Amino acid sequence: MKFNRRTHTCGELREENIGEKVILNGWVDNRRDLGGVIFVDLRDRYGITQIVFEPHYNVESHKEGSALRSEFVVAVEGTVRKRPDNTENLSIPTGLIDVMVDKIIILNEAKTPPFPIQKSENVNEDIRLEYRYLDLRSEKMQKNLIMRSKMYNTVRNYFNDNGFLEIETPYLMKSTPEGARDFLVPSRIHRGKFYALPQSPQTYKQLLMVSGFDKYFQIVKCFRDEDLRADRQPEFTQIDIEMSFVDQEDIFQMVEGLMVKLYKETKNSEIETPIRRMDFHEAMEKYGSDKPDLRFNLEMKTLNHVFENSEFRVFKDAIESKGIISGLVAEGCGDYTRNQLDVITNFVKQLGAGGLIWMRVTEDGLDAPVAKFMTDDEKQGIIDNLGAKPGDLLFIISGPKMKSLSIMGFLRLEMAKRLNLIKPDTKPSLLWVTNFPLLEWDEDTKRFYAMHHPFTSPNLDEVDKLETDPGSVNARAYDLVLNGNEIAGGSIRIHNSELQSRMFDALGVSKEEAETKFGFLMNAFKYGAPPHGGIAFGFDRLAMLFAGEDSIRDVIAFPKTSSASSLMDDSPSFVDEEQLKELFIKIR
RNA sequence: GGGGUCAUAGCUCAGUUGGUUAGAGCGCCUGCCUGUCACGCAGGAGGUCGCGAGUUCGAGUCUCGUUGACCCCGCCA
């Protein structure tokens, strides 16, 4: 087949090209056959150009034009002509011209697509995923992936300009016990042994610091075998960053510079720096989340001091067990019906709350089922502390501190939705959350786990409590939050093998286990490890937010479904017995 | 592991209290049509109502199970 290489793309031709002979290659987006004249929208990723088949202009091509169907791939030779008066299409950039077809070659025919390409976003996602290669032809997906590509470019340029090195790290590595479930890869050469795919290149980038590559970054795939969400895939992309001889401030400054550049180059908008910061503990108390959405206020208030001497059982228990009593005002919601309140109560109960106390604020005080258990002072205390006024609705949740705050945080988001507090034109809200707890107690296994990861440095003035009161130690760890989404997280690391040992002790990891699992890192730290720290971005989430999408699947070319399968190539799949045999694996 | 929403034509959906032959728009096919850009007009084809049981004289509709998609909780250092 003769191949006529294009002289222009389908988004390129303008009035100044009028009179030129051109060749276009592309897909038939739409065909409008008026009998005497045929219009075809020819599409490629650059745009759409209208090509015209007219018998007076060329009988032969007009005949061939009527055979065209949606998604045929063609090469068109023709002449650019100004569109006749009043037939311009101002909604597309090429809308002032036509290409009059001299010759058309069908490079490939196409079956009728299972769904219309142009409107694929209205099609059920399972069909889009089954025919992903068609879905990706849609304007939306092309736009998203083009934007994503631009973002890679911005990131690489930024770090390059700042003297960083991009260094690849292994995808086949050692399985580590902490953190997410590993994807395992069986070894053929080493019978019974397994590699793991990296949850992140964490240990490698720290070793690169030991090696003296003081500014490292990588755009890298990571793998976690955990359940999926709209913003979580089993394989995802990080912008991984690590720096030596730095403190938290240096990391913040470097990352803020990146965010400024990303906003400028992908959204053509400015953001304010320095980015606001908030202590983890404040974030939990005021917003019930370690990734608060600050596009709206709706602040929670701790009411423990109001009920110091309360006889109300629920509050008394909360205070005695060092729990929390947290309140929230839903402005103007005093007219919520009993039924609406039941729905909300059910909402918090499903999140694990023991119950929800609600109160209507009236001119006379508080109207609520539990009002009889409270003194007048307490009632006034609630109103004063929450700043409530008649017509408002109040919620109170009490119980174990972190759990109750977190549930109230979900209720805060729910009420924001109900009250429509996030307007489409709301400015993006960036926030550093700092000073995370170093450790997290797990009731099931009765031990501490690292909240970030086991290489995170404790605050230096709190190191002494590592043995006496480990739960109270905070970390030099930080997250970057955008509109209530965690988009990056990092920490200053431990660079001293002695402190690392104490950390493993606090985690209840034995000397032997630490040696087996992380010996290589601990050893490396004995040979002159510089102080270092870093951060990693969830690149897919960032792209999702920049694209204004609700799911990272819309910024990933070939994503998995929420049950971690690929509908297009039907993975995962069974493999031949021979393959298993070679790997010494037997399915139980 | 748990909770929720959904599944009817190629696509998006409607389908009453369980009742005759399951509909619409778009798409597709055929014909007509020289300025359309959601072209228009006329005609036509197209259905295992996700799958499997059950209740019933009768099930797209009710019950149970199951599969799949999506959202959330747990989980995600």
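From a predicted model like this one, the values you see are computed outputs, not experimental measurements. Chain naming here is simple, since letters A, B, ... match the order of the sequence lines and numbering starts at 1 in each.
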Checklist entry - If the sugar-phosphate is the primed atoms plus P, OP1 and OP2 and the base is the rest, what is the B/S/- string for nucleotides 2-13 of chain B, using protein heavy atoms under 4.0 Å? => result -S------SSS-

Item to check | Per-nucleotide protein contact string for nucleotides 29-35 of chain B (B base, S sugar-phosphate only, - none; heavy atom under 4.0 Å) | outcome: SS--BBB

Under 4.0 Å, heavy atoms only, any strand: does [X] hit a base, just the sugar-phosphate, or nothing?
X	answer
A/T456	nothing
A/S565	sugar-phosphate
A/F455	nothing
A/E88	base

What is the distance from [atom1] of [X] to [atom2] of [N], rounded to the nearest Å?
X	N	atom1	atom2	result
A/D227	B/C70	CG	C1'	14 Å
A/N346	B/C73	CG	C1'	13 Å
A/R232	B/C70	CZ	P	14 Å
A/I407	B/G74	CD1	C1'	12 Å
A/Q238	B/C76	CD	C1'	12 Å
A/R181	B/C76	CZ	C1'	9 Å
A/D231	B/C70	CG	P	14 Å
A/E440	B/C76	CD	C1'	11 Å

Item to check | Ring centres under 6.0 angstrom apart (A/F347, A/F410) | outcome: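 No, too far apart.
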
Next on the checklist: Go nucleotide by nucleotide along RNA chain B from the 5' end; which of A/R541 and A/S563 gets its closest nucleotide reached first?
Outcome noted: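 Here A/S563 is the residue nearer the 5' end.
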
Checklist entry - Which sits closer to the 5' end of RNA chain B, A/T561 or A/G179, going by the nucleotide each is nearest to? => result A/T561

Checklist entry - Hey, is the side chain of A/R553 poking within less than 4.0 Å of OP1 or OP2 on B/C71, counting only N and O atoms? => result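 For A/R553, the contact criterion (side-chain N or O under 4.0 Å from OP1 or OP2 of B/C71) is met.
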
Checklist entry - Taking only side-chain nitrogens and oxygens of A/R32, does any of them come within less than 4.0 Å of OP1 or OP2 of B/C39? => result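 For B/C39, OP1 or OP2 has a side-chain N or O of A/R32 closer than 4.0 Å.
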
Tell me the partner of [N], counting only Watson-Crick (N1-N3 plus N6-O4 or O6-N4) or G-U wobble (N1-O2 and O6-N3) with both under 3.5 Å; none if nothing fits.
N	result
B/A53	B/U63
B/G25	B/C11
B/G47	none
B/U30	B/A42
B/C70	B/G4

Taking the [atom1] atom of each, how far is [N] from [M], in whole Å?
N	M	atom1	result
B/A22	B/A9	C1'	11 Å
B/C41	B/U36	C1'	15 Å
B/G50	B/G68	C1'	8 Å
B/U30	B/A45	C1'	10 Å
B/A59	B/U20	P	12 Å
B/G15	B/A7	C1'	15 Å
B/C62	B/C75	P	37 Å
B/U17	B/C26	C1'	32 Å

Checklist entry - Does a side chain donor of either A/D240 or A/Y216 reach within less than 3.5 Å of an acceptor in the other side chain? => result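 Per modelled atom types, A/D240 and A/Y216 side chains form a pair under 3.5 Å.
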
Checklist entry - For A/N435 and A/N459, does a side-chain donor sit closer than 3.5 Å to a side-chain acceptor? => result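 Yes - a donor-acceptor pair under 3.5 Å links their side chains.
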
Checklist entry - Between A/V22 and A/T79, is any pair of side-chain heavy atoms under 4.5 Å apart? => result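 Not touching, per the 4.5 Å side-chain cut-off.
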
Next on the checklist: Between B/C76 and A/R224, counting only base atoms on the nucleotide and side-chain atoms on the residue, is there a donor-acceptor pair under 3.5 Å?
Outcome noted: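 In this structure, the two groups form no donor-acceptor pair.
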
Checklist entry - A/S70 has a side chain; which of B/C28, B/C70, B/G1 sits nearest to it? => result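 Of all the options, the side chain of A/S70 is nearest to B/C28.
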
